Undergrad: 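This is the structure, below, for whatever I ask next.
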2 protein chains.
Amino acid sequence: MKLSRHSDYALRAMIQLATSGDELVSIRHIAQTYGISHNHLMKIAQGLGRAGFIEPVRGRHGGLRLARPASEISLGALVRHTEGEDSLVDCTGCLIAPACGLPDVLAEAMQAFLAVLDGYRLSDIANRSHMLRALFDIPTSAGPSQNAADPVQCPAD
Amino acid sequence: MKLSRHSDYALRAMIQLATSGDELVSIRHIAQTYGISHNHLMKIAQGLGRAGFIEPVRGRHGGLRLARPASEISLGALVRHTEGEDSLVDCTGCLIAPACGLPDVLAEAMQAFLAVLDGYRLSDIANRSHMLRALFDIPTSAGPSQNAADPVQCPAD
DNA sequence: ACATTAGATGTATTCCATTTGAATGTATAG
DNA sequence: CTATACATTCAAATGGAATACATCTAATGT
């Protein structure tokens with residue numbers, strides 16, 4: 001019972017974009033932040049773009065930004081997109097499928113799971129803005145950090 | 001977002017055992033019923049036995065039976081056992097872990113998921129007893145089927 | 001006692017999905 | 001025109017799950 005890394009990375013990227021406000025953030029930058037595969041993140045970003053969560057900007061100083069305010073993006077919608085909504089079990093070819101009550105129960109449980117996520121917005125996750133901005137090394141009006149080009153590296157990696 | 005086949009098979013086996021009442025059912029028989037791997041099911045049965053869900057009986061006419069009545073076994077406990085209770089995401093090494101609110105939200109959603117399953121018992125799933133007994137080809141007092149040695153085969157397999 | 005049956009355990013191999021990597025195309029700012 | 005960054009496709013690799021094989025232990029019927 002684990003979220004795929006696909007979902008994991010998508011959520012992380014969205015958090016970073018939410019924290020970065022209107023500024024464009026390149027895929028490369030996000031990948032470097034978390035120390036994850038650049039190519040993989042590209043595909044994830046592609047999917048997020050097609051689904052209307054983010055807006056890609058091409059060209060020299062391009063990058064990604066949220067297509068809508070973080071307060072209007074629910075986590076449920078995100079997870080639904082990255083994980084898919086298909087059933088938890090595959091009953092094709094199961095002998096007892098016609099009499100089995102399991103799929104219904106599992107669907108109900110899944111619905112409860114997503115209902116909780118529907119109750120949270122991206123802005124709720126990224127609410128500790130100052131802490132996150134510091135971790136992302138985003139310069140603020142008060143006091144920008146000394147080296148914005150090379151973001152903090154993950155110590156455990 | 002799928003249940004592992006491990007969980008799937010465990011649930012199916014438990015349903016068959018619940019439907020079979022006090023009678024012993026061999027692992028081989030269950031495997032043949034669903035057309036799944038005998039050896040794999042053995043390991044799953046092992047785990048179920050160790051966890052106290054089923055009671056294995058060795059020897060010539062041995063087999064498996066439920067350790068407790070089906071009405072006292074909750075689906076939540078079963079899924080918790082087969083899927084494990086660890087977190088949905090692995091945050092070790094994630095840069096923003098200290099400020100990230102995601103794990104809490106996911107844990108809450110997971111809890112809601114399991115809470116639904118906790119509300120159902122194995123007996124609720126196997127409630128259509130007569131249909132299931134027919135599918136499992138279990139002889140009844142009224143009219144036993146003609147060939148109890150060779151159970152019905154899955155048509156789609 | 002002995003053979004038979006069924007579960008218990010361990011190892012190894014196969015299989016599949018996810019993840020990653022590489023190469024190429026497309027668009028845009030300067 | 002060129003450098004940069006996203007878009008797309010294909011192929012390799014990694015890791016976990018599922019399966020197969022081999023062997024052992026325990027209980028039962030003869």
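We name chains A, B, ... by the order of the sequence lines, and we start the count at 1 in each one. Please read these numbers as outputs of a predicted model, since none were measured by experiment.
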Undergrad: Measure the distance from CZ on A/R60 to P on D/dC1 and round it to the nearest whole Å.
TA: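 Atom CZ in A/R60 sits about 17 Å away from atom P in D/dC1.
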Undergrad: Tell me if the CZ atom of A/R68 is crowded by more than 12 foreign heavy atoms within 6.0 Å.
TA: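 More than 12 within 6.0 Å, yes.
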Undergrad: Please tell me which of B/H38 and B/K43 maps to the more 5' nucleotide of DNA chain C, matching each residue to the nucleotide holding its nearest heavy atom.
TA: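 Final value for this comparison: B/H38.
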Undergrad: Hey, can you pull the residues of residues 6-15 of chain B with a non-hydrogen atom under 4.0 angstrom from DNA chain C?
TA: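 Those residues whose heavy atoms fall under 4.0 Å from DNA chain C, taken from residues 6-15 of chain B, amount to none.
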Undergrad: Starting at atom CD1 of A/I36, determine the distance to atom P of C/dT18, rounded to an integer number of angstrom.
TA: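 The distance from CD1 of A/I36 to P of C/dT18 comes to 17 Å, rounded to the nearest Å.
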Undergrad: Of all the choices, C/dA29, C/dT20, C/dG7, which nucleotide is nearest to the side chain of B/S26 once you look at every atom?
TA: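 The answer is C/dG7.
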Undergrad: Is the distance from OP1 or OP2 of D/dC6 to the nearest side-chain N or O of A/R50 less than 4.0 Å?
TA: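 It does not, given that no N or O in the side chain of A/R50 lies less than 4.0 Å from OP1 or OP2 of D/dC6.
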Undergrad: Any side-chain heavy-atom pair from A/L3 and A/D8 closer than 4.5 angstrom?
TA: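 The answer is no; the side chains never approach within 4.5 Å.
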Undergrad: Can you tell me if B/Q46 touches the phosphate of C/dG7, counting only side-chain N or O atoms and a distance under 4.0 Å to OP1 or OP2?
TA: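 For C/dG7, neither OP1 nor OP2 has a side-chain N or O of B/Q46 closer than 4.0 Å.
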Undergrad: Can you check the A/H61 NE2 to C/dT28 C1' distance for me, whole Å?
TA: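 Rounding to the nearest Å, NE2 of A/H61 and C1' of C/dT28 are 12 Å apart.
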Undergrad: Rounding to a whole Å, what distance do you find between B/I44:CD1 and C/dG7:P?
TA: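 For the pair B/I44 CD1 and C/dG7 P, the rounded distance is 14 Å.
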Undergrad: State whether A/R5 and B/D90 are salt-bridged, where the test is any N-O pair (Lys NZ or Arg NE/NH1/NH2 against Asp/Glu carboxylate O) under 4.0 Å.
TA: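 No, this pair does not count.
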Undergrad: What integer distance in Å separates B/I54:CD1 from C/dG7:C1'?
TA: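 Distance check: B/I54 CD1 to C/dG7 C1' gives 10 Å.
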Undergrad: When only distance counts, do a donor and an acceptor, one from the side chain of B/N39 and one from the base of D/dA18, lie under 3.5 Å apart?
TA: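 Answer is no: no donor-acceptor pair is held.
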Undergrad: Please classify the nucleic acid contact of B/R58 as base, sugar-phosphate, or nothing, using heavy-atom distances under 4.0 Å.
TA: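 The answer is base, as B/R58 lies within the cut-off (heavy atoms under 4.0 Å) of a base atom.
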Undergrad: For A/L3 and C/dT18, give me the distance from atom CG to atom C1', rounded to whole Å.
TA: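 Distance, rounded to whole Å: 14 Å.
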Undergrad: Quick one: list whatever passes ring-ring contact (aromatic ring centres under 6.0 Å, His included) with B/F53, sequence neighbours left out.
TA: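 Scan of B/F53 (ring-ring contact (aromatic ring centres under 6.0 Å, His included), adjacent residues dropped) gives B/H81.
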Undergrad: Rounded to whole Å, how long is the line connecting atom CG of A/L17 with atom P of D/dC6?
TA: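 Nearest whole value for this atom pair: 11 Å.
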Undergrad: Taking only side-chain N and O atoms of A/H40, does any of them lie within less than 4.0 angstrom of OP1 or OP2 on C/dT20?
TA: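 Looking at the OP1 and OP2 atoms of C/dT20, one of them is under 4.0 Å from a side-chain N or O of A/H40.
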Undergrad: Using OP1 and OP2 only, check whether a side-chain N or O of A/R65 sits under 4.0 Å from D/dC6.
TA: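 The answer is no; no side-chain N or O of A/R65 sits under 4.0 Å from OP1 or OP2.
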Undergrad: With a 4.5 Å limit on heavy-atom distance, are the side chains of B/D86 and A/K2 in contact?
TA: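 With C-beta onward as the side chain, the pair touches.
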Undergrad: Determine whether a donor-acceptor pair (one donor, one acceptor, N or O, separation below 3.5 Å) exists between the side chain of A/K2 and the base of D/dG15.
TA: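 Result: no qualifying N/O pair found.
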Undergrad: Remember a base hit wins even if backbone is also touched, and classify A/G49 as base, sugar-phosphate or nothing at under 4.0 Å, heavy atoms.
TA: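 A/G49: no heavy atom of the nucleic acid under 4.0 Å.
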Undergrad: Check the distance between D/dA27's P and B/L64's CG and give it to me in whole angstrom.
TA: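 Roughly 15 Å, once rounded to whole Å.
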Undergrad: For residues B/M1 and A/M110, determine if any side-chain heavy atom of one lies less than 4.5 Å from a side-chain heavy atom of the other.
TA: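 Yes - at least one pair of side-chain heavy atoms lies under 4.5 Å apart.
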Undergrad: Is there a side-chain contact between A/E83 and A/H6 (heavy atoms, below 4.5 Å)?
TA: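 No; the side chains remain at least 4.5 Å from each other.
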Undergrad: Identify which nucleotide among C/dG21, D/dT19, D/dA7 has an atom closest to any side-chain atom of A/M42, counting heavy atoms from C-beta outward.
TA: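 Of the options given, the side chain of A/M42 lies nearest D/dA7.
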Undergrad: Measure from the side-chain heavy atoms of A/P56 and tell me the nearest of C/dG21, D/dC6, C/dA29.
TA: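 When the side chain of A/P56 is considered, D/dC6 is the closest of C/dG21, D/dC6, C/dA29.
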Undergrad: Could you tell me whether the side chains of B/S71 and B/S123 share a donor-acceptor contact shorter than 3.5 Å?
TA: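 Result is no, nothing qualifies.
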